[in-house]
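Since the structure comes first, as C-alpha cells, the remarks are kept for the end.
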Amino acid sequence: MIGLALLSRRLAPAALLGLLASAAPGADAVGDRPPVQFREVAAEWGVDFVHRHGGTGEFYMIETMGAGVAALDYDGDGDDDLLFVQSGKLPVDGAGGPGAALYRNDGAAGFVDVTAAAGLRLAVYGMGATAGDYDGDGDVDLYVTAYGPNRLFRNNGDGTFTDVTDAAGVGDPSWGASASFADVDGDGALDLYVTNYVDFSFENNPICGLQNRGLRSYCHPDVYDGLPDRFFRNRGDGTFDDATLEAGFGSASGKGLGVIFGDVDLDGAVDLYVANDMTANFLFRNLGDGTFEEIALLTGTAFDDRGEAEAGMGVELGDLDDNGFPDILVMHLDKQTNAVYSNTGTGLFVDRRYPTRIAEPSFHKVGFGVGLGDFDQDGYADLAIANGHIIHNVDEWDATGRFRQPNQLLRNNGDGTFAEVADAGLDVVRSSRGLAMVDIDLDGDLDLAISNSDEPAEVYENVTAAPGGWLQLSLGDQRSPLGARVEVTAGGRRQTRELRAGSSYMSQSSAAVHVGLGAAAGVDSVLVTWPDGRRLRFTDPPANRRLRVVR
C-alpha cells in the first residue's frame, strides 16, 4: 500500500499546515528561464559555525583537507537539520571537543545549535559525515570520519545521540575521509564504506615547499603512501564485521577522498565509486550477492582520457544525457579540470568533460564539494561546486593560483552542455570544502550549505525568480529506503533520481528526492523501485508539493 502526505512549508500559516504554495511555471524553453540566484543567509538563519583546523605553523597535512557538512532530519519533524564537522586543535590530545556542530531546523524560527543537548562530543579531529538508519529503528544515525578513530552515533529517538562506536565495531583508526551507507547485499540492513586517505602522522611530517625561497607549505600527497579503505558489513544486530577482504575491496588501497554508492549498470544492485587523489579511481561492480569486483580500468573511469591519474576529491552521480544511466562527475585540482565520465549503458564510460563544457570553468579552480540538482527547476540538473585551494600561499608559487576561490553554479543548457552563471549570488569567497544540497525552508527549491577551511560556513537560500514546477518525495519504508530509484514522468520527459547517503566531498545532501518539472502542467506518473526490487507506481500526484511516500 502507499501513503501520501504533504509536508509543511517554513513560512506557511498554521491554517495551511501541510499545503505548500504552488510555484508558478516559467517560460517554455530552457534558455528563456531567468538565471539561478542565491543569497547568503547563514547569520540570518542562525548558523554561526566556524571551522578551525588548528594550524600552528607545523603544516600538518590534515589541517588543509577538512571538513564536510551533512543534511539530515535527525528529529524526524520533516525538515532537514545541518551538521558541520569540526576539526580542532593540534596536535590531537584526546581531551575532546565538540567535533561537530548540529543545528536543528526550527522552520520560521531559523536554526538552533543543539550540539550539547544532542550529546555530540567527539575526542577526534573531524573530517566528514554521513547519515543513515543503520539499526532499523526509524531514526537516522550519524557516522563521523576523522583523523582516527571515526565515530558512530546512534540516534536515541528523543533528540539525543549515543556514541556506540566500540560496541558496533566501526572505529577505524586511520585517516578517514568520506563515508557512505548502503544496503549492498539486500538483507535490509545498511552497510558502511569508509575511504581512508594517506599515512600522514605527526612524526611523518616532512618539510615541503620551496626551501630555496624560504616558502614552506603543505606536502603533496605523493609524499605519503595511501591507506586501505574499509568496508563494514552490518550483522543486523547493531554491530558490524570488517568485511573489506571478503566483499572484494582488498584492492581499495588508494588515497581515497570521495565516495558514492549508485547502481551504475541498472542491474538492481548498488555499485560503488571512489575518487582517489593522484592514484587510480575505483569502480566496484556489485555482483549481486554483496561482493564486488573492481572494474574502473576496464570501464574507462580509473584515469583521464590521457591515461593519467588526477587529484580526485568530490564525486557525484547523475544522468546528464537522458539515456537513463548515471554518469560520474569527479572534482579535481586546478590545471587538471573537473571530469565527466559519461555512461554509455554498455559497460563503458567516455570522458566528456570538454563536450559538456564542464572542464573550462574549472581550469583555475580546485573543486571539492559538488552537487547535481535542478536549481531553477526547468527539468535539467545543474551543477554546484565548492572550490578552494589546499596551499595557503599558492599565489607565491603560481601566478594564477588563489587559496580562496569563488564557488560556482553551472547551469544545464538542456542539450548535454553546461554554462557558468556569472552572478549566481554565491558571493562569499573562501577556501571551500564540503557542499550539501537541501531544501532548508521547504519552499520547493534547493538551497546550499557549504563548509570552509578555517573560516565560517555559508548557507545560501535559493531565490531564483519564477522557477519551474517541482515535486519532492520523502520515502519511508519498514527498512531504510537508501538505494531506492525514483522515476518521474512529466511533460513527455522521464527523470530518474536515486536515494543515496554520502556524496560530494565528506558530505551528504538531503534524503528528500527533488525533481524540477519545467513548464509541465503536472506530473503524469511516479515509479518507485525499492531497494529490494519491488515497485510502486502512482499517477497524477499533485505538483509543487513535497509528498511522503510510505510503503
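Values below: all heavy atoms of this structure, side chains included; hydrogens, waters and symmetry mates excluded.
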Do [X] and [Y] meet the criterion of a side-chain donor-acceptor pair at a distance under 3.5 Å?
X: Arg235; Y: Thr239; result: yes
X: Asp374; Y: Tyr380; result: no
X: Ser253; Y: Asp229; result: no
X: Asp445; Y: Gln377; result: no

List the atom of [X], the atom of [Y], and the distance in Å for their closest heavy-atom pair.
X: Val259; Y: Val274; result: CG2-CG2, 4.1 Å
X: Ala131; Y: Ala501; result: O-CB, 3.8 Å
X: Val315; Y: Ala275; result: CB-CB, 4.4 Å
X: Gly126; Y: Ala67; result: O-CB, 4.4 Å

Report the C-alpha separation of Asp172 and Arg230 in whole Å, then their side-chain angles, then the decisive distance to 0.1 Å, and conclude whether the salt bridge (charged side-chain N to carboxylate O under 4.0 Å, His left out) test is met. CA-CA 8 Å; Asp172 181 54; Arg230 288 287 180 264; 3.7 Å; yes

Test Asp322 against Arg493 for salt bridge (charged side-chain N to carboxylate O under 4.0 Å, His left out), laying out the working first. CA-CA 9 Å; Asp322 280 349; Arg493 291 190 66 236; 2.8 Å; yes

Going by salt bridge (charged side-chain N to carboxylate O under 4.0 Å, His left out), name the pairs with one or both residues in residues 294-306, residues two or more places apart or in two chains.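 The answer is Asp304-Arg306, Arg306-Glu308.
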
Test of understanding: with side chain to side chain contact (heavy atoms under 4.5 Å, CB included), list the residues that count as partners of Ala384, not counting sequence neighbours.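 With neighbours one apart ignored, the set is Phe375, Leu409, Leu435, Leu448.
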
Considering residues at least two apart in sequence or located in another chain, which fulfil the ring pair (Phe, Tyr, Trp, His ring centres under 6.0 Å) criterion with [X]?
X: Phe232; value: none
X: Phe292; value: Phe249
X: Phe240; value: Tyr134

Could you give me the CA-CA distance, side-chain angles and deciding distance for Asp447 and Asp439, then say whether side-chain contact (heavy atoms from CB on, under 4.5 Å) is met? CA-CA 5 Å; Asp447 310 303; Asp439 182 6; 3.7 Å; yes

So Asp319 and Thr496, side-chain hydrogen bond (donor to acceptor under 3.5 Å, both in side chains) or not? Walk me through it. CA-CA 8 Å; Asp319 182 10; Thr496 302; 5.5 Å; no

State whether the number of non-hydrogen atoms from other residues, nucleotides or ligands found under 6.0 Å of Arg479 atom CZ is greater than 12.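 Correct, the count exceeds 12.
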
His332 vs Arg353, side-chain contact (heavy atoms from CB on, under 4.5 Å): CA-CA, chis, key distance, verdict: CA-CA 12 Å; His332 291 136; Arg353 69 185 73 190; 4.1 Å; yes

Glu420: partners by salt bridge (Lys or Arg N to Asp or Glu O under 4.0 Å), with sequence neighbours left out: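 For Glu420 there are no salt bridge (Lys or Arg N to Asp or Glu O under 4.0 Å) partners, ignoring immediate neighbours.
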
Checking side-chain contact (heavy atoms from CB on, under 4.5 Å) for the pair Leu83/Leu142: CA distance, chi angles, key distance, verdict? CA-CA 10 Å; Leu83 181 122; Leu142 180 65; 3.5 Å; yes

